[in-house]
Amino acid sequence: MFSFISSKNERYIYSLISLLLISYTGYRCYSLSFTHDESISYNNIIHNSFYEIISNDTEFITANNHILNSLFMKYSEMIFGASEISLRMHSLFAHIIYLFFSFLLLKNIKMPWIKLIGFLILNVNPFLLDFFSLARGYALSIAFMMMSIYYFIEYTKTEKIKHITIFLTTALLSTLANFSMVVFVVSIIGLLECFMIAKRYPIKQCIIKNIPVLFTALCLYSFYKWPITKLIEHKELYFGGYVGLWRDTALSSIQFYLYGCRYTEIFSYFLRFLLLAGVFSGFYVLFIKIKTKSIKELDFIFVLFTFIIVVNYLQHFIMKTNFFTERVAVFLVILFFISLINTWHYFSEKGLLLKITTGVIASVFIIVIGFTASASLNFSYTCDWRYDADTKGMISELTNLNANKTTVKIGNTWLFEPSINFYRKTRHLNWLQPANRDGLNRDYDFYYVDTYDLNSFDKTNKILIKTYPESGATLFKKAN
């Protein structure tokens, strides 16, 4: 099976898949309308000083300030100007890093067919690919996490202190890209300490190997002491779930993984089964490997995944923080899939029946990936911010309608305010007055209305200009 994946052809197969995926996210970096959250970063954050960005010491304190993302946007604009592609360029580079290290990580899998399926599972995920096309911190955090995991695995093989330094540095960078990744850093430090205890290092060697850990702990304290504390004080850390791990983390991850595919309900039940089977199988495999003292390489990822879930639950129980949900839980989905791939690899070596069973499940999963990808991959919108899919087109339409460049006031559903103002600034549309969040009931020249406001919107003396297909938003003009 998959005999064409020889060591000679492997490089070309994975390079071709990677090139297709990078071409997809690269074109979307150029073509997608700037979204609500990206526009908030541009309008309110990136024009502050370096210190103000990294410390959150600004008038506009928001969790939208993904520090590395904000800095990359700031300096990209200075060098390349304010365009969609320049402001999103770092996310495309993050995609290249993610692809490269996901491939390197899967080299620990010996069976070519599992390695290939694993690469597709980790990379052909429309919801994940959204973030490699946007100026948000999620792409950088996931890329640095994958890099960190790879070097942690390398450390378990070589036990060289340089690998500790690299994986902790990249773990810290993932946190600077998205503060939710603090739990990842804490968990991987805990895993490192467990590994060193199991190895029974001499005290002197243990102290030396913990020097990078101490530095990392000081950095985490600095993050908490300054930028994170400000977010807590201003009640900005509100995104997440309150119900429980299953409903908030598991079910929301499945929902967004499927990206609104028309077979969502059927596939959802399969993925729920796969999730539960993967977790219970992971514990079984881990128990066997601990018992036989054969734990190695990708087995550590399931331990890391478990640590993160436990830490997140304890945070919620003790500190009343939220459960990971939707886009914040994407990194957990990746860790789960790596663990699942490793479990498949283990069972595929344990007899014909288990090999057939895992092969059937993997085949069904590939069908799910195929249907989801074919229904969801697009160059027009993102799952989380679909309502902004046509904002750029609407601004172009407005520019054409106002050929005389007379002063224009626009009323809009509040969701559109950041993106309208982004295009107003970057396209230097001085004739367009700034959009606001005052609603649609005032006197404006044009009205840009979201679908949920359409029924209550007073259409008296309004002329319908256009209804946009992807977002469902509608542009009206006031009748003279």
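Reckoned from all heavy atoms, side chains included, excluding hydrogens, waters and symmetry mates.
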* Asked: Between the side chain of Y257 and the main-chain N/O of L271, is any donor-acceptor distance below 3.5 Å?
  -> no
* Asked: Which pairs count as salt bridge (charged side-chain N to carboxylate O under 4.0 Å, His left out) when at least one residue sits in residues 30-46, sequence neighbours excluded?
  -> D37-R327, E38-R88
* **Any donor-acceptor N/O pair, N210 side chain to V213 backbone, under 3.5 Å** => no
* Asked: Does any donor atom in the side chain of N64 or S41 lie under 3.5 Å from an acceptor atom in the other side chain?
  -> yes
* To do: For the pair E159 and K209, find out whether any cationic side-chain nitrogen is under 4.0 Å from an anionic carboxylate oxygen.
  => no
* **Closest heavy-atom pair and its distance - T343, S281** => CG2-CB, 3.6 Å
* **Parallel, tilted or perpendicular: rings of F50 and Y75 (30°, 60°)** => tilted
* Ring centroid separation F132 to H95 under 6.0 Å -> yes
* Structure fact -> Only one of T170, I338, L99 passes side chain to side chain contact (heavy atoms under 4.5 Å, CB included) with M146, and that residue is I338
* Exam field: side chain S419 to backbone F34, donor-acceptor pair closer than 3.5 Å -> yes
* **For A389 against S380, the heavy-atom pair lying closest together** => CB-O, 3.5 Å
* F179 and Y224: aromatic ring centres closer than 6.0 Å? -> no
* Asked: Going through the checks in order, is the side-chain contact (heavy atoms from CB on, under 4.5 Å) test met by F307 and C194?
  -> CA-CA 11 Å; F307 277 12; C194 290; 4.0 Å; yes
* Asked: Got a sec: does the CZ of F379 have more than 12 other heavy atoms crowding it under 6.0 Å?
  -> yes
* Partner residues of K157 under the side-chain hydrogen bond (donor to acceptor under 3.5 Å, both in side chains) criterion, sequence neighbours left out -> N108, E154
* Return the orientation label for the F302 and F283 ring planes: parallel under 30°, perpendicular over 60°, tilted otherwise. => perpendicular
* To do: Report yes or no: does D299 contribute a side-chain atom to a donor-acceptor pair with the main-chain N or O of K296 at less than 3.5 Å?
  => yes
* Asked: Any side-chain heavy-atom pair from K115 and H345 closer than 4.5 angstrom?
  -> no
* To do: Would you indicate whether the side-chain heavy atoms of D384 and T35 approach each other to under 4.5 Å?
  => no
* To do: Any chance you could lay out the side-chain contact (heavy atoms from CB on, under 4.5 Å) test for L176 and F144, step after step, and finish with the verdict?
  => CA-CA 10 Å; L176 274 175; F144 284 128; over 6 Å; no
* Please find out if less than 6.0 Å separates the ring center of F300 from that of F195. => yes
* Asked: Can you check whether K392's main-chain N or O pairs, donor with acceptor, with S33's side chain at less than 3.5 Å?
  -> yes
* To do: Could you give me the CA-CA distance, side-chain angles and deciding distance for Y221 and L218, then say whether side-chain contact (heavy atoms from CB on, under 4.5 Å) is met?
  => CA-CA 5 Å; Y221 173 77; L218 289 172; 5.6 Å; no
* So, do N378 and Y259 sit near enough that their side-chain heavy atoms are less than 4.5 Å apart? -> yes
* **Check: T372 and P126 side chains under 4.5 Å, non-hydrogen atoms** => yes
* Asked: So F256 and F127, would you call those rings parallel, tilted or perpendicular, with 30° and 60° as cut-offs?
  -> tilted
* Nearest atoms (heavy-atom pairs only) where I166 meets Y151 -> CG2-CD1, 3.3 Å
* Examine distances only and state if a side-chain atom of H36 and a backbone atom of L415 form a donor-acceptor pair shorter than 3.5 Å. => yes
* Asked: Any donor and acceptor pair, going by atom type alone, linking the side chain of T175 with main-chain N or O of A171 inside 3.5 Å?
  -> yes
* **ring pair (Phe, Tyr, Trp, His ring centres under 6.0 Å), paired with H66, selected from F131, F72, Y138** => Y138
* Between H90 and N69, a side-chain donor and acceptor under 3.5 Å -> yes
* To do: Hey, can you tell me if Y284 and F347 have their rings parallel, tilted or perpendicular (30° and 60° cut-offs)?
  => parallel
* **From CG (L258) to CZ (F371), nearest 0.5 Å** => 13.0 Å
* To do: Identify the heavy atoms of N56 and T62 that sit nearest to each other, and give their distance.
  => OD1-O, 4.0 Å
* To do: Could you check whether the rings of F103 and F119 sit parallel, tilted or perpendicular, using 30° and 60° as the cut-offs?
  => perpendicular
* Please assess T25 against S133 for the test side chain to side chain donor-acceptor pair (under 3.5 Å), listing each intermediate value before the final yes or no. => CA-CA 5 Å; T25 52; S133 308; 5.1 Å; no
* Between CD1 of I341 and OG of S348, what distance do you get to the nearest 0.5 Å? -> 12.0 Å
* **Test item: E233 and T229 side chains (from C-beta on) under 4.5 Å apart, heavy atoms** => yes
* Would you please test S70 and N65 for side chain to side chain donor-acceptor pair (under 3.5 Å) and show each step? => CA-CA 6 Å; S70 299; N65 180 17; 2.7 Å; yes
* Is it true that atom CZ of F60 has more than 12 heavy atoms of other residues, nucleotides or ligands lying nearer than 6.0 Å? -> yes
* Are S102 and N123 close enough that some pair of their side-chain heavy atoms sits under 4.5 Å apart? -> yes
* Rounded to the nearest 0.5 Å, how far does CD of E84 lie from CG of L87? -> 8.0 Å
* Distance, nearest 0.5 Å, that separates CD1 of I149 from CD1 of I188 -> 6.0 Å
* Heavy-atom check, side chain of S23 versus side chain of L19, under 4.5 Å -> yes
* Decide whether S141 and S174 meet the rule of one side-chain donor and one side-chain acceptor closer than 3.5 Å. => no
* Has the side chain of H316 got a donor or acceptor atom that lies under 3.5 Å from a matching backbone atom of N322? -> no
* Within 6.0 angstrom of R272 CZ, more than 12 heavy atoms from elsewhere -> yes
* To do: Indicate yes or no for a side-chain donor-acceptor contact from T325 to the backbone of G240 under 3.5 Å, with no hydrogens or angles considered.
  => no
* **Residue pair E59, N44: steps toward the side-chain contact (heavy atoms from CB on, under 4.5 Å) verdict** => CA-CA 9 Å; E59 292 182 6; N44 303 105; over 6 Å; no
* So, E349 and K110, do they make that salt bridge, N to O below 4.0 Å? -> no
* To do: Return yes if some donor-acceptor pair links the side-chain N/O of S86 with the main-chain N/O of G81 below 3.5 Å, else return no.
  => yes
* Pair listing, salt bridge (charged side-chain N to carboxylate O under 4.0 Å, His left out) test, anchored in residues 121-139, at least two apart -> R28-D130
* To do: Establish, yes or no, whether a centroid distance under 6.0 Å links the rings of F167 and F152.
  => yes
* Within-4.5 Å side-chain heavy-atom neighbours: L276 and W246 -> yes
* **Aromatic centroids of F331 and F324 separated by under 6.0 Å** => yes
* Would you kindly say whether S49 and E52 are connected by a side-chain donor-acceptor distance under 3.5 Å? => yes
* **Separation between CG of L173 and CG of L68, rounded to the nearest 0.5 Å** => 6.0 Å
